[in-house]
Amino acid sequence: MKKLLSIVLISSLFLASCDFDKDFEEMNIDPTKAAQLDVNNKLASVFLRTSGERYENWRASFIYSSQIVQHMSSTATYWTGNFYTRNEGYATSLFDRAYPQQVKEIEDIIFQLTNEGNSGDQMGVARIWRAFIYHRITDLYGDIPYSEAGKGYIDGVLKPKYDAQQDIYMDMLKEIEEGVAQLGSSSSLGASDLIFQGDMTKWKKFGNSLMLRLAMRLSKADAATAQAWASKAIAAGVMTSNADIAYVQHLLGPEGINKNGHGEVFMADGNPRLSKTFVDFLKDDPRLPILGARRSDGSTNPADLMGMPNGLTSGALVAKYGTTSSDYAEPNRGVITGEDAPMVFQTYAEVEFMIAEAITKGWASGDAKAHYEAGVKAAMQMLSMLYPNASAVSDAEVATYLAAKPFDASKALQMIGEQYWAATFFNEYEAFANWRRTGFPVLQPFGGEAIYDGNVTNGTIPRRLIYPGGEASTNADNFAAAIARQGANEFTTRVWWDK
């Protein structure tokens with residue numbers, strides 16, 4: 001792993017230098033050395049870049065997405081997503097970091113593979129991962145630079161156009177399908193594959209599962225296309241157990257890129273608490289004492305775990321409830337918040353819930369109840385697999401939970417949506433996106449508390465994050481075209497698939 005760390009760091013430095021040595025390519029070529037780094041080393045780097053650093057995980061993932069979707073809460077007013085207030089630097093953080101890092105690196109990888117005539121497993125993995133990178137960005141912001149993105153050094157495109165989200169989605173689905181088709185039975189990735197350690201069977205399942213995620217995302221905007229791609233993904237073979245979960249296992253260092261960005265947040269910030277909305281849902285759920293602990297004394301006794309209401313400052317919390325933030329549950333620091341914790345991208349539980357939804361909609365055959373229950377079981381039992389300090393949830397505990405809260409076909413979409421939301425705790429980009437698509441769980445603005453004075457959404461829950469203001473001057477024409485097509489650069493403007 002230390003050797004791989006060195007390779008990743010060298011790769012990152014190489015990529016970061018590309019913008020500054022454009023006029024000196026020929027001067028800097030050493031004929032005795034390779035002109036390019038090995039693609040495998042670059043792939044290791046981009047996997048870690050996609051997991052992200054503290055910067056964007058603190059701001060876009062936690063401060064905005066987790067608060068909006070009411071997984072977490074905070075009384076600190078700089079946690080602006082909790083109060084629907086505008087902090088451009090926070091709301092734009094994924095956009096700001098993804099393009100010079102994740103996007104630039106994946107486009108460089110595909111450019112190199114294309115020039116080398118590589119159409120095998122490396123190219124297949126790169127195309128699948130490229131779709132993963134872009135789908136998170138477009139889900140959060142809407143129309144984004146896509147077809148011309150990351151091409152400043154490659155093609156000299158310094159002002160990329162913003163592609164329509166509908167076009168982006170159609171191309172991502174095509175790229176995933178073609179990428180999966182390029183995967184064989186063996187791999188040349190070696191230890192550089194930080195996701196599946198060179199297991200192409202798992203990469204195929206992940207590619208098809210990602211295809212299913214993207215297909216289901218279209219259910220409001222284009223149900224026929226959603227159904228067609230969902231059926232194709234399920235038939236091609238999606239995740240079948242928790243052993244198929246897509247994640248990066250992080251280290252404690254020595255560099256930040258190797259640490260879990262969420263874990264780094266908890267090392268720096270003691271303000272986040274579990275939301276009252278989330279804790280209330282988890283009552284009588286064996287996950288609650290795994291995910292939460294009381295801030296004041298670390299108790300994980302479910303009777304001690306209260307969720308903090310959203311949208312209240314510390315003064316308002318004391319005035320209304322006579323409590324302080326230390327009385328409430330925070331994410332369990334002894335179990336899930338480590339800098340060496342895994343960063344999860346997609347789980348088997350999510351896949352089971354999507355299949356249950358597709359069956360309920362008549363898009364797939366099978367037993368929706370069976371897939372729903374498999375999803376609940378997977379979501380509960382994956383925690384001890386992902387987090388070594390987590391208590392294992394037994395089959396008996398799962399059965400007791402399901403017996404107490406049985407699947408109700410008349411409320412199938414609601415129950416599926418709620419469980420998906422619970423299963424995507426700490427995968428906040430996905431939780432926010434799926435909530436916007438399904439409307440479940442039914443969330444009240446500010447968790448039902450009084451509307452926070454100074455919010456910028458007229459008291460409604462935000463539907464997207466905002467573009468960097470600098471785009472209006474540095475990429476003016478393309479930015480203006482995106483605004484004219486999508487709508488104002490506001491938190492309340494809905495992206496294409498959310499309309």
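A donor-acceptor pair shorter than 3.5 Å can be found between the side chains of Gln414 and Glu418. Looking at Gln101 and Glu53, their side chains do bring a donor and an acceptor atom within 3.5 Å of each other.
Side-chain rings of Trp435 and Phe440 stay apart, their centers remaining 6.0 Å or farther from each other. Centroid-to-centroid, the aromatic rings of Phe345 and Tyr247 stay 6.0 Å apart or farther. Aromatic rings of Tyr78 and Tyr90 (six-membered ring for Trp) have centroids beyond the 6.0 Å cut-off, not under it. In this structure, the ring of Trp58 has its center no less than 6.0 angstrom from the ring center of His262. Here Phe491 and Tyr84 keep their ring centres 6.0 angstrom or further from each other.
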For this session: Before giving the answer on side-chain hydrogen bond (donor to acceptor under 3.5 Å, both in side chains), spell out for Ser187 and Asp121 the whole-Å C-alpha distance, their side-chain angles and the decisive distance to 0.1 Å.
Result: CA-CA 6 Å; Ser187 171; Asp121 64 296; 3.3 Å; yes
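With rounding to the nearest 0.5 angstrom, the CG atom of Leu317 is 10.0 Å from the CZ atom of Arg273.
Electrostatic pairing of Arg287 and Asp285 counts as a salt bridge here, judged by a charged N lying under 4.0 Å from a carboxylate O. The existence of a salt bridge linking Asp143 and Arg485 is confirmed by a sub-4.0 Å separation between a basic side-chain nitrogen and an acidic carboxylate oxygen. Using a cutoff of 4.0 Å between basic side-chain nitrogens and carboxylate oxygens, Asp244 and Lys205 are scored as salt-bridged. We find that Glu339 and Arg54 are not joined by a salt bridge, their nearest charged nitrogen and carboxylate oxygen being 4.0 Å or further apart. Ionic pairing of Arg136 and Asp139 is not present here: no N-O contact between side-chain nitrogen and carboxylate oxygen is shorter than 4.0 angstrom. Using a 4.0 Å cut-off between charged side-chain N and carboxylate O, Arg464 and Glu490 make no salt bridge. Between Lys220 and Asp498 there is a salt bridge, with a side-chain nitrogen of the basic residue lying less than 4.0 Å from a carboxylate oxygen of the acidic one.
In this structure a side-chain-to-backbone donor-acceptor pair under 3.5 Å is missing from Thr492 to Thr457.
For the side chain to side chain contact (heavy atoms under 4.5 Å, CB included) with Tyr372, the qualifying choice from Lys377, Glu357, Met415 is Met415, the only one to do so.
Tyr64 and Thr85 get closest at one heavy-atom pair: OH-O, 2.7 Å. Minimum interatomic distance between Met72 and Pro331 (heavy atoms only, all atoms of both residues): SD-CG, 3.6 Å. Scanning all heavy atoms of the two residues, the minimum distance from Phe407 to Ala412 falls at CZ-CB, 3.6 Å. Summarising the geometry of Ala293 relative to Gly298, their closest heavy-atom pair is CB-O, 3.8 Å, with the distance given to 0.1 Å. When all heavy atoms of Val265 and Asn57 are compared, the closest pair comes out as CG2-C, 4.2 Å. The minimum heavy-atom distance between Ala60 and Ser65, with the atom names listed, is O-OG, 2.8 Å.
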